[in-house]
Amino acid sequence: MKIKRLMAGLLCGAVGAATLGLSGCGNAADSGMMDAANANAVAGGSSDLPVITWKMGSTWGDGNIHFTCDERFSELVSQLTDGRFTITNYPEGSLCAANQLFDYVQNGTIQCGGDWGGYWSGKDTAFELLSTTMDNFTGMDYFAVRSYYIWITQGGGLKCYQDMYGKYNMTYFPIMINHAESGIRSTKPITSIKDMQSMKIRLGGVMAGRAAEKLGINITTVAASELYESLQRGVIDGGEFSTPCSDDSLKLQEVAKYWCSPAWYQSGGVNGVMINKDAWNQLPEEYQNAIQMAAEICTSEQLSRYLWMDFDSTKKMLEEDGCVVTKMNQDDWNTIRETCRQVYEEEAAKNENFNMVYSSMQDYREHADTYRAMLGDYGWGFNYDESEK
């Protein structure tokens, strides 16, 4: 099976989609997906490999934008194996509840599952760092795709994923990386820590909850599927879900006019696929390679896809939906940053797994920050003030 040859074709498709999307031409950026017929034309196919079908559960519901990423990963695996290895996707609730997915994959009830590691913080807080950070990593720090490795591969991050999931009889591959979340959507404007102290707010992540507690902010647990109604009924005054396009998929702007940005509580994000180790070990090497390649391609595609949709959604929310963006003053941002650092250092001191991942991230930052600081705006992006346009 000419998997390497097919991968080259798919990567060209991914790069082409990103180029078209960011130039505003064509519709390839709507999905970031290469046509299956074109992909199969590149494939060399091999009938001596077995026909295998897996089940893939998800922490995401049907119609959720993140679930489409799970589906794309499975589509790529099929394309890379000429249709002989297929993975059927099941949204949250079809095979099990989201909070059961980890155990289902660990025990081999199903072969794999699409996740966001922060959901497993109750098992070990180290999982949260593998999925997001507070006011630290960006999506580009996490970013890993063939020939474009940063922390996950060059910085030793992939070992952290395999070590943590490996403790639970699983192997793991990131399949989607995004930039910082939108920020807090609220029914009242947020311009300070004091404003948040008088509100009930939904934040994802155990570490963010601890930071919020130190800051005197009342955090309320609300499922993502109930976020719209909770804001509408006044159960909470503010909350977050994900990036702008993801928030738009839930229509949060309809019930929360105010938008406090940026999102200190999740400055970057990773979704991935966790795979039962026994099922993985039974695969032919060609299929293992296909999974790894599918994950790398999917990661590249989704980064450009999400960014383009975030651009669109942000303009729509501000220009058509009447959202009002608010900011906090620099003193409060400095307080939040220091509080986040304290929470991480406290957890690292008592959890050796958390310390393993956090230390790897800090080593990466020490290695990268000198040049990043030199580049300034010209490295990780800059924006013009209105007066400079």
Side-chain angles (χ1 to χ4, degrees), residues 7 73 77 101-102 105-106 111-134 136-178 205-207 266-283 285 287-300 302-303 344-345 347-372:
M7 182 188 174
F73 164 74
V77 171
L101 185 64
F102 189 98
V105 177
Q106 178 186 1
Q111 292 88 358
C112 58
D115 84 328
W116 176 75
Y119 287 136
W120 322 129
S121 292
K123 296 179 181 294
D124 195 305
T125 53
F127 283 113
E128 186 165 314
L129 290 179
L130 299 178
S131 60
T132 190
T133 62
M134 298 185 296
N136 194 337
F137 268 27
T138 67
M140 292 307 297
D141 289 308
Y142 278 114
F143 188 50
V145 69
R146 191 169 296 266
S147 299
Y148 295 96
Y149 301 124
I150 307 186
W151 175 67
I152 287 180
T153 300
Q154 293 289 11
L158 188 59
K159 182 179 185 300
C160 295
Y161 284 92
Q162 302 303 353
D163 283 353
M164 282 308 304
Y165 282 89
K167 295 177 188 295
Y168 297 86
N169 193 38
M170 288 185 276
T171 190
Y172 192 86
F173 297 99
I175 60 173
M176 189 277 282
I177 292 171
N178 58 259
V206 171
M207 295 295 107
Q266 285 196 34
S267 56
V270 179
N271 294 357
V273 56
M274 45 188 179
I275 301 172
N276 177 271
K277 188 71 70 70
D278 299 323
W280 170 260
N281 289 336
Q282 292 171 15
L283 288 176
E285 182 180 359
Y287 289 178
Q288 291 179 344
N289 290 338
I291 284 178
Q292 182 174 352
M293 292 177 182
E296 292 171 350
I297 296 166
C298 195
T299 299
S300 179
Q302 299 309 313
L303 183 65
Y344 280 154
E345 289 175 354
E347 185 65 16
K350 63 184 180 182
N351 181 345
E352 64 180 3
N353 291 327
F354 189 95
N355 185 59
M356 171 192 68
V357 181
Y358 186 59
S359 295
S360 176
M361 289 179 157
Q362 294 303 92
D363 289 346
Y364 160 82
R365 290 299 303 263
E366 183 178 353
H367 187 76
D369 281 358
T370 300
Y371 186 50
R372 285 179 59 172

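Count residues from 1 along the sequence.
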Looking at side-chain heavy atoms only, is the closest gap between [X] and [Y] below 4.5 Å?
X: Val357; Y: Glu128; result: no
X: Tyr344; Y: Gln362; result: no
X: Asn353; Y: Met164; result: yes
X: Tyr119; Y: Phe127; result: no
X: Ile291; Y: Leu283; result: yes

Check whether any side-chain N or O of Ser300 sits under 3.5 Å from a backbone N or O of Ile297 as a donor-acceptor pair, and report yes or no. no
Backbone of Thr133 reached by a side-chain donor or acceptor of Gln266 within 3.5 Å: no
Take Gln302 and Ile177 through the side-chain contact (heavy atoms from CB on, under 4.5 Å) test and state the conclusion after the steps. CA-CA 7 Å; Gln302 299 309 313; Ile177 292 171; over 6 Å; no
Could you tell me which residues satisfy ring-ring contact (aromatic ring centres under 6.0 Å, His included) with Phe73, sequence neighbours excluded, listed by chain and number? none
Please list, chain by chain and in numerical order, all residues satisfying side chain to side chain donor-acceptor pair (under 3.5 Å) with Asn351, sequence neighbours excluded. Asp124, Thr125
Picking from Val270, Asn271, Leu130, what satisfies side-chain contact (heavy atoms from CB on, under 4.5 Å) with Pro174? Val270
Only one of Tyr161, Phe102, Tyr168 passes side-chain contact (heavy atoms from CB on, under 4.5 Å) with Met274, and that residue is Phe102
[atom1]/[X] to [atom2]/[Y] distance, rounded to the nearest 0.5 angstrom?
X: Asp278; Y: Gln106; atom1: CG; atom2: CD; answer: 10.5 Å
X: Thr171; Y: Gln288; atom1: OG1; atom2: CD; answer: 8.5 Å
X: Cys112; Y: Leu101; atom1: SG; atom2: CG; answer: 9.0 Å
X: Tyr358; Y: Cys160; atom1: OH; atom2: SG; answer: 13.5 Å
X: Trp280; Y: Asn169; atom1: CH2; atom2: CG; answer: 13.5 Å

So which heavy atom on [X] is nearest to which on [Y], and how close?
X: Met361; Y: Leu129; answer: CE-O, 2.9 Å
X: Tyr165; Y: Gly117; answer: OH-CA, 3.6 Å
X: Gln111; Y: Ala279; answer: CG-CB, 4.0 Å
X: Phe173; Y: Ala295; answer: CB-CB, 3.7 Å
X: Gly166; Y: Lys277; answer: CA-NZ, 4.4 Å

